[in-house]
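In what follows, every chain begins at residue 1, and chains take the letters A, B, ... in the order their sequences are listed. All heavy atoms count here, side chains included; hydrogens, waters and symmetry mates do not. Note that the structure is predicted; figures quoted are calculated from it, not measured.
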Amino acid sequence: MTPAEAAEGRHQRGGSGALFPQTSWTLLADACGTDDASASARDEFLARYYKPVRAYLGAILRDPEETDELTQSFFERAVLSGRLLKAADRNKGSFRPFLKQALRNFVTDHLRRQPTGRIPMVHPDAGTRGWDAVTGGPQTVSAETEYHRAWVRNLLEIALVKVREACETKGQEQHFEMFCGRYLDESGEQPSWSDLGRPFGLDEKAARNRTETVARHFRLFLREMLAEETGSGRGADEEIAALLGLLS
Amino acid sequence: MTKPSSISLDNCSVGQLKTLLGLAARPEKAGGALPTQAADTAELSRLLTELCRGKGQSGDLLLATICEAGTSLDVLRGIKEFAKQLLADASTETQRNAATVLYHAAIASGVAHHRVYLSSSPLKARVPLYEDLAAALAGEPLGAVFRAAAENTELQEGEKRPV
């Protein structure tokens with residue numbers, strides 16, 4: 001399975017318990033094994049991190065084909081080979097910055113191997129324009145910003161799939177639709193409670209109550225996922241604060 | 001039409017991502033782990049039965065009694081006091097949480113079914129916890145009890161009758 005296929009298939013596998021069943025560190029260790037369970041862990045690892053990895057590399061390379069190739073290469077040569085696992089040390093911090101640093105090292109090595117003249121600078125951190133100078137032109141969004149946005153999107157998507165499953169189990173499909181209408185509308189606007197409830201024949205209060213019910217599910221799921229990942233409820237708070245701070 | 005299995009936030013703005021993250025960043029409401037644990041009602045019932053060993057009660061019976069609209073206030077008071085005993089007897093965090101949920105459920109049932117608040121603590125302060133419990137137990141009879149208690153705004157505004 002390619003990384004892209006794994007990412008696309010993520011939401012089709014397993015139930016709610018199949019998503020974020022373990023921490024990123026243990027998943028990485030499992031993914032580097034050779035047995036049947038490792039194959040499943042590899043798919044899960046790819047599903048979790050494909051988008052942030054591709055977003056980071058894509059922001060630097062600015063070439064979709066090369067980005068796809070290097071993304072594939074990163075998972076094969078850096079992750080599944082066990083190199084990333086050897087460098088892993090949970091005591092040094094969370095997985096998110098660890099993976100980003102590994103990506104940074106990987107893409108730097110890749111750029112150093114390019115023919116002279118193609119890349120104007122191979123020590124981007126030392127330049128005044130940093131990573132923006134890598135492709136020689138201005139970039140509207142930095143690689144780090146793209147990485148963090150993709151990371152947050154991925155995290156929220158996983159939580160939302162779990163919430164949708166829970167709503168379906170509880171017969172709250174309508175509740176979930178209203179939650180999506182309130183928070184995920186592509187226009188970016190938040191409809192009023194009365195507008196939200198009208199298509200369902202609900203008044204303002206009922207629409208609000210039902211939407212907030214789903215918001216509570218969402219909060220619980222997301223916090224549980226982060227508490228599991230970081231090892232504590234306090235860690236979940238710190239991670240949420242960090243992610244909010246990095247979104248710009 | 002088949003429903004797409006995945007959810008994509010690719011078209012969501014950064015502002016929307018912040019709003020969604022913000023939903024989880026809200027300060028922890030009263031109750032901490034209670035809603036999470038209460039969401040598994042089978043486990044809640046099992047823990048209560050475990051605590052009731054030798055006391056002639058079962059978790060299923062206690063929870064069913066609380067959810068029954070016809071249960072009298074005297075019985076609910078009895079369950080509330082019984083929950084306090086269980087809380088004192090509990091030896092693990094999960095047992096303490098189970099007993100605490102039972103305690104709050106008895107009080108919530110009084111509000112939901114009789115419009116009587118069986119506690120001297122301010123009901124308003126408990127509404128956030130009841131809302132969280134109602135969300136965690138949505139679709140379950142016990143969730144409906146907490147939901148009804150949380151939404152009994154008239155009672156919160158001055159009709160409460162502390163007992």
- prompt: Taking C-beta and beyond as the side chain, do B:D10 and A:K51 meet within less than 4.5 Å on heavy atoms?
  reply: yes
message: Please give me the minimum heavy-atom distance between B:L9 and A:E157, naming the atom from each residue.
response: N-OE2, 2.8 Å
statement: So, the part of A:L160 with a heavy atom under 4.5 Å from chain B: the answer is both
task: Without swapping roles, check the side chain of B:Q16 against the backbone of A:D185 for a donor-acceptor pair under 3.5 Å.
output: yes
Interatomic distance, A:L220 atom CG to B:L23 atom CG [nearest 0.5 angstrom]: 11.5 Å
message: For B:A24 versus A:I240, what's the shortest heavy-atom pair and its separation?
response: O-CD1, 3.6 Å
task: Kindly give the heavy-atom pair with the smallest separation between A:R149 and B:V14, and that separation in Å.
output: NE-CG2, 3.3 Å
- request: Evaluate the criterion side chain to side chain contact (heavy atoms under 4.5 Å, CB included) for residue pair B:L20 and A:L184; output intermediate values, then yes/no.
  value: CA-CA 9 Å; B:L20 285 168; A:L184 309 183; 3.5 Å; yes
query: Would you say the side chains of B:R147 and A:T213 form a donor-acceptor pair under 3.5 Å?
result: yes
query: In Å, rounded to the nearest 0.5 Å, how long is the span from CG of A:L244 to CG of B:L21?
result: 4.5 Å
Pairs touching residues 83-92 of chain B that satisfy salt bridge (Lys or Arg N to Asp or Glu O under 4.0 Å), sequence neighbours left out: B:K55-B:D89, B:E81-B:K84
- prompt: Excluding sequence neighbours, so at least two apart, what forms ring pair (Phe, Tyr, Trp, His ring centres under 6.0 Å) with A:F218?
  reply: A:F179
task: Measure the spacing between CZ of A:R153 and OG of B:S8 and express it to the nearest 0.5 Å.
output: 8.0 Å
Distance in Å, A:E186 CD paired with B:N11 CG, rounded so as to fall on 0.5 Å steps: 4.5 Å
